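Comments concern the structure below.
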Amino acid sequence: YTLSLHDALPISVSNASTHSSAPVIAQDSSGTLHSVWCEYNSSFSQAQEYYSYKTSGGSWSSPSAITSISGTCQYSTLVVTPNDTVHVVW
């Protein structure tokens with residue numbers, strides 16, 4: 001998916017050739033951005049949830065699949081707690 005912040009140029013975070021959707025983003029207390037999204041295969045029959053982060057002043061990490069089984073991953077939610085623990089549900 002493509003992310004655009006504060007009138008900046010869009011940034012491709014997933015770098016996927018397949019369909020990516022439903023991005024969610026949250027910031028922790030140190031300014032690190034955390035993002036999750038859903039990537040579908042070319043026939044839209046399977047999907048996996050992916051995660052990436054960007055430290056303040058850094059660049060986006062390589063996306064990591066956070067699901068071990070392809071299925072569906074709609075309606076994701078991402079929360080960062082006051083102690084900077086990241087929680088993802090879908």
Side-chain angles (χ1 to χ4, degrees):
Y1 77 95
T2 301
L3 180 66
S4 181
L5 298 172
H6 308 291
D7 298 323
L9 295 174
I11 300 167
S12 178
V13 177
S14 68
N15 297 319
S17 60
T18 57
H19 180 75
S20 301
S21 69
V24 180
I25 191 167
Q27 185 176 22
D28 68 23
S29 65
S30 67
T32 297
L33 299 175
H34 302 270
S35 184
V36 294
W37 64 93
C38 191
E39 285 190 14
Y40 292 88
N41 64 2
S42 59
S43 65
F44 291 89
S45 62
Q46 294 182 341
Q48 282 192 283
E49 190 79 13
Y50 278 80
Y51 167 79
S52 184
Y53 66 90
K54 179 188 176 300
T55 57
S56 181
S59 57
W60 285 98
S61 67
S62 296
S64 299
I66 58 173
T67 52
S68 59
I69 300 173
S70 293
T72 185
C73 52
Q74 296 176 341
Y75 312 113
S76 301
T77 300
L78 173 68
V79 175
V80 179
T81 63
N83 68 350
D84 292 333
T85 302
V86 177
H87 297 274
V88 179
V89 295
W90 63 93

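Owing to the predicted nature of the structure, the values given are computational and were not obtained by experimental measurement.
Counting only heavy atoms from C-beta outward, the side chains of Ser20 and Tyr50 never approach each other to under 4.5 Å.
For the residue pair Thr32 and Thr55, no side-chain donor N or O sits within less than 3.5 Å of a side-chain acceptor on the partner.
For the pair Ser52 (side chain) and Trp60 (backbone), a donor-acceptor distance under 3.5 Å is absent.
The shortest heavy-atom contact between Val80 and Asp84 is CG1-CA, 3.7 Å. Of all heavy-atom pairs spanning Ser76 and Val24, the tightest one is O-CG2, 3.4 Å. The shortest heavy-atom contact between Leu78 and Ala26 is CD2-N, 3.6 Å. The two atoms that bring Cys38 and Ala47 nearest to each other are SG-CB, 3.6 Å, heavy atoms only. Here the closest non-hydrogen pair linking Pro23 and Trp37 is CA-CB, 4.0 Å.
Below 30°, between 30° and 60°, or above 60°: for Tyr51 and His34 the angle between ring planes is below 30°, a parallel geometry.
No chain of hydrophobic side-chain contacts below 4.5 Å, direct or via other Ile, Leu, Val, Met, Phe, Trp or Tyr residues, connects Val36 to Val79.
By the side-chain hydrogen bond (donor to acceptor under 3.5 Å, both in side chains) test, Ser62 pairs with no residue at all, sequence neighbours left out.
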What do the steps show when you test Thr67 against Trp90 for side chain to side chain contact (heavy atoms under 4.5 Å, CB included), and what is the final call?
-> CA-CA 10 Å; Thr67 52; Trp90 63 93; 2.9 Å; yes
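The distance from atom NZ of Lys54 to atom OG of Ser61, rounded to the nearest 0.5 Å, is 11.0 Å.
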